[in-house]
Amino acid sequence: MELNAKIPDGPIEKKWEKHRFDMKLVNPANKRKYSVIVVGSGLAGASGAASMAELGYNVKCFCYQDSPRRAHSIAAQGGINAAKNYQNDGDSVYRLFYDTVKGGDFRSREANVHRLAELSVNIIDQCVAQGVPFAREYGGLLANRSFGGAQVSRTFYARGQTGQQLLLGAYQALERQIGLGKVEMYPRHEMLEPILIDGRARGIVVRDMVTGELETHLADAVVLATGGYGNVFFLATYAKGCNGTAAWRSYKKGACFANPCFTQIHPTCIPVHGDYQSKLTLMSESLRNDGRIWVPKRADDKRPPGAIPEEDRDYYLERIYPSFGNLAPRDVSSRAAKRVVDEGRGVGPTGVGVYLDFADAIERLGEDVIAERYGNLFEMYERITDEDPYTVPMRIYPATHYTMGGLWVDYNLESTIPGLFVIGEANFSDHGANRLGASALMQGLADGYFVIPYTIGDYLARTKFEPLGADHPEAVATVAEVEGRVKRLLSVDGKRTPTSFHRELGQIMWEYCGMARTREGLNEALGKIPALREEFWENVTVPGEAMELNQSLEYAGRVADFLEIGELMCLDALEREESCGAHLREEYQTEDGEAVRDDEDYSHVAAWEYAGEGKKPIRNVEQLNFEYVELATRSYK
Amino acid sequence: MKLTLHIWRQQNAKSKGRFVKYDLDDVSPDMSFLEMLDVLNEKLIAEGQEPVAFDHDCREGICGTCGVVVSGRAHGPRDRTTMCQLHMREFKDGDTLWIEPWRAKAFPVLRDLIVDRSALDRIIAAGGFIGAPTGSAPDANAIPIPKEDADLAMDAAACIGCGACVAACPNASAMLFTAAKVSQFAKLPQGQPERYRRVKAMVRQMDFEGFGNCTNHGECSAACPKAISLDHIAQLNRDYLRSSLRADRRIVSEVGAG
């Protein structure tokens, strides 16, 4: 397949402006003649649905949760980046662009990242106008904090609940449009298949999760804002309901899946503690502003943290990366933690963890200041672990947190299926091989508020649409396909629960496709996953019926798709024979464990194309050109 | 730990529900309450029974999806804690727990412990927003906001919309939920233009949904996992009174945002 990224001509700082002028417009009176489906109601989905409705399009928005306000964007803690330079510390659009390209280890598209940096400033304006209560200084102006991978303070925040406040802002804008009748909201509805007619995305099949009914919804364009697929690891910081089904089903209908192996492992999560555990909890990266990460110098040092004197501690991030210290980027910090744990220097009852210590900061700033900055995070930590982080250092360890990979999109955020747009974490987007902290919120809102409202108009204006009914043969066939899958899940009637399969898949993925990958390991996983999938379809048990509220059925369908997604991730990891960002292949690293990129052969996006059941997918390539940021070895030392 | 659980089972909105007794052994004190329910459900599925349906999602206390009444207390015994953040170390070996859904006329039961809380969304749709269409905003620092006001707005904005306030209230009132949003915007300059029409519209929708009135019991704030203060209800009452004195400013849109 020929991948055309449709990057506009001209100098990078003019591309978006020029493109906005070149795109076709739909005149205000005609907008109400078009309909758009938005799947997902997180930052990207809610902001996109609200903004398109404000323009006058008829929008239908779907989410699996009971309310659009629950989407997992709500759990983002630390902040959102914007190149405002309010701190007068040398920030600029170009610097944010540069940091993001470098942070992504040169595996993202320059033009997209520059647009993201440009739009970052508008996002903050928009959110303040909506009443988002960002942190402020006594003078009444906005406060900033610094975040990993940057040497300027450009992160805006609302206590430790930035994602919540930004999402509520977008949710309220969405509810306003629902109240005005411009958006029809469908909570507790799960998309199970896109509907393609004459090669274009023209609708979706959803299951009403209360009644079990399968419904057909048709529109002129479909926007997926369904988040990432990180729950493939079972234990992750994602909400339990997050899944890859909408993206995966679209992949199997012709949307290319780009860089699936780029999954972010977040360095500061609460370590695993028991085999009944259902998820991992993130502790915001912002904690690394004031917390110092350390382990004992000696592997056999089992003293409690307070009894280990300064000279027996190894503040390894400060030691190895003196200029970024505890604020080294996520991939770098995570791998450093893994290395010290592998050396036997890990802490806590399982030995799989490192300390994040606030003693110095409390001494320097006082407990009140620390409580104001991180109070809710400390409380959350205490609730989970029964330890008081004001007196005992936190224990943290990396966990899966975000997927940089996702459906391939061009500059207009359109996938390889015409009319199917993908925004937010669901696309492969702007973060390359590693996302910097406080950039996910920025990208979700940039896509939703400021990109999709323009590019969708261009698509609608350029395309001629035939009127459709739910009785169209393609729509009927798609419903039948979904119905068949639901029936099949219910009829296996085996012995193992969906959870047990999911847990086993997660273990395979973490072991072989986690923080460090090898050829042997990935080949091993590529043998194990299909075998597990086969067992799933022979031995899974799904209680209950199709036509009722059935959480086991919902879950089983998602696990079935994870069992396929995991395989593609391993294949992608195997065929990317280099290390870059979050993707570390042990064969390609320096002596001290830093990633060794191969720009000659792998400075590209791998966009996988479905080739049919049982066939190896096709690896298409989009070459990445770096005209502005010089390809260089990333160094945070 | 061993526990005896009495859990509300109800097939769907139309059927009658009842408590069913389950015995659960091997409960670890480090489990969250929802992980305890996971363990029970795995056991039920293995025995060929239908698992207990309950709402949950983020499991880190912020999405507001989970919530059940445990032995008479919304979100269980620990203050300022959602179900997903409540750990079994709060209970004792041999305890008997009664687990049931939120009870309110405006929250019909959908199945077992799951209720329909969409009435809360409709209260927001009626007026819980600032009308600032995308692209129309001035520079974020154009209007300074005193830190105290921004902090108070944030206190109110911390509401997660779980509905525990409604479940805890003897009148099943949604006052705390509604007041938190009214109060957040009342504190901010951006919230002023729609301030009085907002409070009227939201209160009207709240009544329309069948929530009860506030009679100042304070159970809502006690049950609230984010400890939203009753002060916001006082703010709502003040604004509501003022709005009723502004007879010239009629609300054009009528009830029934959903």
Side-chain angles (χ1 to χ4, degrees), chain A residues 50-51 54 65-67 69-70 72 74-75 84 86 124-126 128-131 133-142 158-159 161 164-165 168 172-173 175-176 178-179 187 210 239-241 273-274 276-279 281 380 383-384 386 449-450 453 497 499 541 543-544 548-549 551-552, chain B residues 12 28 30-31 34-35 38-39 42 45-46 48-51 53 55-65 81 85 87 89 110-111 114 117-118 120-121 124-126 128-134 136-141 144-147 150 153-154 157-158 161 184-185 188 190-191 257:
Chain A
S51 302
E54 284 164 6
Q65 298 91 343
D66 74 318
S67 160
R69 69 179 291 152
R70 314 267 186 231
H72 199 52
I74 204 150
K84 283 286 197 184
Y86 284 159
I124 301 303
D125 299 344
Q126 180 63 30
V128 167
Q130 289 170 342
F134 283 119
R136 286 175 185 270
E137 306 291 354
Y138 280 102
L141 303 177
L142 290 159
R159 289 192 192 146
Q161 292 125 281
Q164 179 198 27
Q165 293 310 314
L168 292 182
Q172 284 153 198
E175 286 295 338
R176 178 166 171 261
I178 294 169
V210 177
K240 292 301 287 177
H273 55 78
Y276 47 80
Q277 193 159 353
S278 60
K279 81 158 268 161
T281 303
M380 194 197 287
R383 272 173 176 39
I384 293 170
D386 209 20
Y449 281 132
F450 299 112
T497 63
T499 308
T541 175
E548 61 176 359
L549 196 162
Q551 291 179 311
S552 306
Chain B
N12 55 46
S28 156
D30 290 329
M31 280 177 187
L34 301 187
E35 284 168 348
D38 288 342
V39 170
E42 286 292 287
I45 296 174
Q49 301 186 55
E50 291 213 16
D55 258 337
H56 64 94
D57 205 20
C58 79
R59 298 206 176 192
E60 38 190 284
I62 193 74
C63 73
T65 310
T81 307
Q85 297 292 290
H87 284 70
R89 60 181 86 96
L110 296 177
R111 179 165 196 160
I114 298 181
R117 287 170 292 195
S118 53
L120 298 180
D121 290 324
I124 298 296
F129 48 77
I130 289 172
T134 304
S136 57
D139 184 83
N141 260 346
I145 301 175
K147 184 178 186 314
M154 182 60 222
Q184 176 196 343
F185 292 147
L188 299 171
Q190 291 84 358

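Below, chains carry the letters A, B, ... as their sequence lines are ordered, and counting in each starts from 1.
- In this structure, chain B has a heavy atom under 4.5 Å from the backbone of A:Phe134, while its side chain stays farther away.
- Annotation: maximal heavy-atom pairing with chain A below 4.5 Å, among B:Gly191, B:Ser118, B:Gly161, occurs at B:Gly161.
- Side-chain atoms of A:Gln130 never come within 3.5 Å of backbone atoms of A:Ala173 as a donor-acceptor pair (strictly under, hydrogens ignored).
- For a residue to count as touching a neighbouring chain, one of its non-hydrogen atoms must lie under 4.5 Å from one of that chain's; by this rule B:Glu60 touches chain A with backbone and side chain alike.
- In terms of non-hydrogen atom pairs under 4.5 Å with chain A, the most contact-rich of B:Pro146, B:Gly64, B:Pro51, B:Gly61 is B:Gly64.
- In this structure, chain A has heavy atoms under 4.5 Å from both the backbone and the side chain of B:Thr65.
- Both the backbone and the side chain of A:Gln126 come within less than 4.5 Å of a heavy atom in chain B.
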Intermediate values then yes/no, side-chain contact (heavy atoms from CB on, under 4.5 Å), A:Glu175 and A:Arg69: CA-CA 10 Å; A:Glu175 286 295 338; A:Arg69 69 179 291 152; over 6 Å; no

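- Contact count against chain A (heavy-atom pairs under 4.5 Å) is highest for B:Thr134 among B:Ile130, B:Ile45, B:Thr134, B:Thr81.
- Between A:Lys84 and A:Asp125, at least one side-chain nitrogen of the basic residue sits less than 4.0 Å from a carboxylate oxygen of the acidic one, meeting the salt-bridge criterion.
- In terms of modelled atom types and a separation under 3.5 Å, the side chain of A:Lys240 and the main chain of A:Ser278 share a donor-acceptor contact.
- Contacts of B:Leu34 with chain A are absent, with no heavy-atom separation under 4.5 Å from either backbone or side chain.
- In this structure, chain B has heavy atoms under 4.5 Å from both the backbone and the side chain of A:Ile124.
- Within the 4.5 angstrom heavy-atom criterion, only backbone atoms of B:Gln49 (N, CA, C, O) approach chain A.
- Residue B:Asn141 touches chain A through both its backbone and its side chain, counting heavy-atom pairs closer than 4.5 Å.
- In this structure, B:Arg59 pairs ionically with B:Asp38, as a charged nitrogen and a carboxylate oxygen lie closer than 4.0 Å.
- A donor-acceptor contact shorter than 3.5 Å links the side chain of B:Arg111 to the backbone of A:Leu549.
- In this structure, chain A has heavy atoms under 4.5 Å from both the backbone and the side chain of B:Ile145.
- Between chain B and the options A:Gly131, A:Ala50, A:Gly241, the largest number of non-hydrogen pairs under 4.5 Å is found for A:Gly131.
- A donor-acceptor pair is defined here as one N or O able to donate and one able to accept, closer than 3.5 Å; no such pair exists between the side chain of A:His72 and the backbone of A:Arg70.
- Of the listed residues B:Gly48, B:Ala158, B:Ser136, the one with more heavy-atom pairs under 4.5 angstrom with chain A than any other is B:Ala158.
- Comment: B:Arg117 engages A:Asp66 in a salt bridge, judged by a side-chain N to carboxylate O separation of less than 4.0 angstrom.
- Counting heavy-atom pairs closer than 4.5 Å to chain A, the top-ranked of the candidates B:Ala132, B:Cys58, B:Gly128, B:Ser28 is B:Cys58.
- The distance from atom OG of A:Ser67 to atom CG of B:Asp55, rounded to the nearest 0.5 Å, is 11.0 Å.
- The backbone N or O of A:Ala239 sits nowhere less than 3.5 Å from a side-chain atom of A:Lys279 that would complete a donor-acceptor pair.
- Note on B:Arg89, B:Glu50, B:Met31, B:His87: by heavy-atom pairs under 4.5 Å with chain A, the leading option is B:Arg89.
- Of the two parts of A:Ser552, only the side chain, counted from C-beta on, holds a non-hydrogen atom closer than 4.5 Å to a non-hydrogen atom of chain B.
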